[in-house]
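Take a look at the structure set out below.
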Amino acid sequence: MKTFVALDFETANQHRTSVCSIGLVFVENGSIVDKYYQLIKPVPNFYSYHNTQVHGLVFHDTEYAQQFSDLWIDISKQIKNMPLVAHNSMFDEGCLKAVLQAYELPVHQNKFLCTYRAAKKMFPNLPNHKLPTVSKYLGFNLDSHHNALADAEACAHIAMRVF
């Protein structure tokens, strides 16, 4: 697959609707052509200790951020009908579906692929198939794991090799 959008969400708390940042990496004909990162005001708007420990974002980071519904208008125009790719797509696709439903927006129709599952099949001898492990194995240095854009970029590099 040569054309797709790699997607990563970070969430503020245990609710899938609580997306607080999004990273998108646009790949066309096997090359990264654009990147997008945005902080988002989560729904519900609170941060759990555990989630903050993972990604470092807190309430004040997104206090004045836009709501997902405002961002989705432009994002969906950029994504068009391209396939979406995520590392552990069950989480990211679940977040997308939940936040679209929370704002009563149409459900996305894009094909969704998972680099985690693909890497597990393609590289069964790795000690695990977490994003940093697969990225390193394929020669991509993931410096800022759990930054949505960094994770989306790592996912894009993996997708270019496994699909």
Side-chain angles (χ1 to χ4, degrees), residues 1-28 32-120 129-131 142 144-160 162-163:
M1 182 172 59
K2 300 231 183 240
T3 300
F4 59 90
V5 180
L7 163 74
D8 187 76
F9 284 116
E10 297 299 328
T11 55
N13 54 61
Q14 70 274 22
H15 300 279
R16 294 276 170 107
T17 57
S18 72
V19 295
C20 60
S21 68
I22 184 172
L24 299 168
V25 175
F26 295 83
V27 177
E28 292 181 15
I32 293 174
V33 295
D34 199 8
K35 299 176 188 180
Y36 176 89
Y37 175 79
Q38 191 66 48
L39 293 173
I40 303 166
K41 184 176 282 193
V43 174
N45 192 8
F46 71 91
Y47 282 78
S48 73
Y49 174 81
H50 171 74
N51 291 54
T52 293
Q53 291 302 302
V54 170
H55 52 58
L57 296 172
V58 296
F59 178 82
H60 296 295
D61 293 322
T62 57
E63 185 175 6
Y64 301 107
Q66 289 182 289
Q67 294 182 353
F68 183 82
S69 57
D70 296 328
L71 299 171
W72 185 247
I73 295 165
D74 292 329
I75 291 171
S76 62
K77 288 177 186 172
Q78 277 188 280
I79 291 173
K80 302 174 190 163
N81 63 348
M82 288 191 278
L84 299 174
V85 177
H87 200 77
N88 189 9
S89 64
M90 286 181 62
F91 174 79
D92 294 286
E93 185 174 19
C95 287
L96 180 57
K97 286 179 178 179
V99 76
L100 289 171
Q101 184 177 15
Y103 285 105
E104 298 179 358
L105 295 168
V107 176
H108 80 91
Q109 300 298 316
N110 302 56
K111 182 177 182 179
F112 225 109
L113 301 164
C114 183
T115 55
Y116 174 83
R117 286 193 297 271
K120 206 169 178 180
H129 296 87
K130 295 177 182 178
L131 187 60
L142 176 57
S144 300
H145 186 34
H146 293 299
N147 168 284
L149 182 57
D151 286 0
E153 188 170 4
C155 178
H157 282 276
I158 294 168
M160 287 189 270
V162 300
F163 295 123

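Worth knowing before you read on, the calculation uses all heavy atoms, side chains too, and leaves out hydrogens, waters and symmetry mates.
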Can you find a pair of side-chain heavy atoms, one from [X] and one from [Y], that are under 4.5 Å apart?
| X | Y | result |
| --- | --- | --- |
| Met1 | Leu113 | yes |
| Cys155 | Val25 | no |
| Gln67 | Val43 | no |
| His146 | Asp151 | yes |
| Met160 | Ile32 | yes |

Inter- and intrachain pairs under salt bridge (Lys or Arg N to Asp or Glu O under 4.0 Å), touching residues 91-102, at least two apart: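 Of all non-adjacent pairs touching residues 91-102, those that pass salt bridge (Lys or Arg N to Asp or Glu O under 4.0 Å) are Glu93-Lys97.
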Find the distance between [atom1] ([X]) and [atom2] ([Y]) and round it off to the nearest 0.5 Å.
| X | Y | atom1 | atom2 | answer |
| --- | --- | --- | --- | --- |
| Leu142 | Glu153 | CG | CD | 9.0 Å |
| His15 | Cys95 | NE2 | SG | 12.0 Å |
| Lys41 | Ser69 | NZ | OG | 11.0 Å |
| Leu24 | Asp34 | CG | CG | 9.0 Å |
| Arg16 | Leu96 | CZ | CG | 11.5 Å |
| Asp8 | Phe91 | CG | CZ | 8.0 Å |

Full working for side-chain contact (heavy atoms from CB on, under 4.5 Å) between Asn110 and Phe4: CA-CA 10 Å; Asn110 302 56; Phe4 59 90; over 6 Å; no
Whether [X] side chain and [Y] backbone form a donor-acceptor pair below 3.5 Å:
| X | Y | result |
| --- | --- | --- |
| Asn13 | Pro44 | yes |
| Thr62 | Ala65 | no |
| His55 | Thr11 | yes |
| Asp61 | Val58 | yes |
| Thr17 | Ala98 | no |
| Ser21 | Gln38 | no |

Of the non-hydrogen atoms in [X] and [Y], which two are nearest, and what is the gap between them?
| X | Y | value |
| --- | --- | --- |
| Gly23 | Ala152 | O-CB, 3.5 Å |
| Lys2 | Val27 | O-CG1, 3.4 Å |
| Lys35 | Leu149 | CB-CD1, 3.9 Å |

Does atom [atom1] ([X]) have a neighbourhood of more than 12 heavy atoms from anything else shown, all under 6.0 Å?
| X | atom1 | result |
| --- | --- | --- |
| Glu104 | CD | no |
| Met90 | CE | no |
| Gln66 | CD | yes |

Verdict with reasoning, Val99 to Trp72, per side-chain contact (heavy atoms from CB on, under 4.5 Å): CA-CA 10 Å; Val99 76; Trp72 185 247; over 6 Å; no
Tyr36 vs Leu71, side-chain contact (heavy atoms from CB on, under 4.5 Å): CA-CA, chis, key distance, verdict: CA-CA 11 Å; Tyr36 176 89; Leu71 299 171; 3.6 Å; yes
Steps toward side-chain contact (heavy atoms from CB on, under 4.5 Å) verdict (Leu100, Phe68): CA-CA 8 Å; Leu100 289 171; Phe68 183 82; 3.8 Å; yes
Would you give me the side-chain donor-acceptor pairs under 3.5 Å for residues 79-89, sequence neighbours excluded?
unit_1, atom_1, unit_2, atom_2, d
His87, ND1, Thr115, OG1, 2.7
His87, ND1, Tyr116, N, 3.3
His87, NE2, His129, O, 2.8
His87, NE2, Leu131, N, 3.4
Ser89, OG, Arg117, NH2, 3.3

All side chain to side chain donor-acceptor pair (under 3.5 Å) counterparts of Glu63, not counting sequence neighbours: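 Once residues adjacent in sequence are excluded, the partners of Glu63 under the side chain to side chain donor-acceptor pair (under 3.5 Å) criterion are His60.
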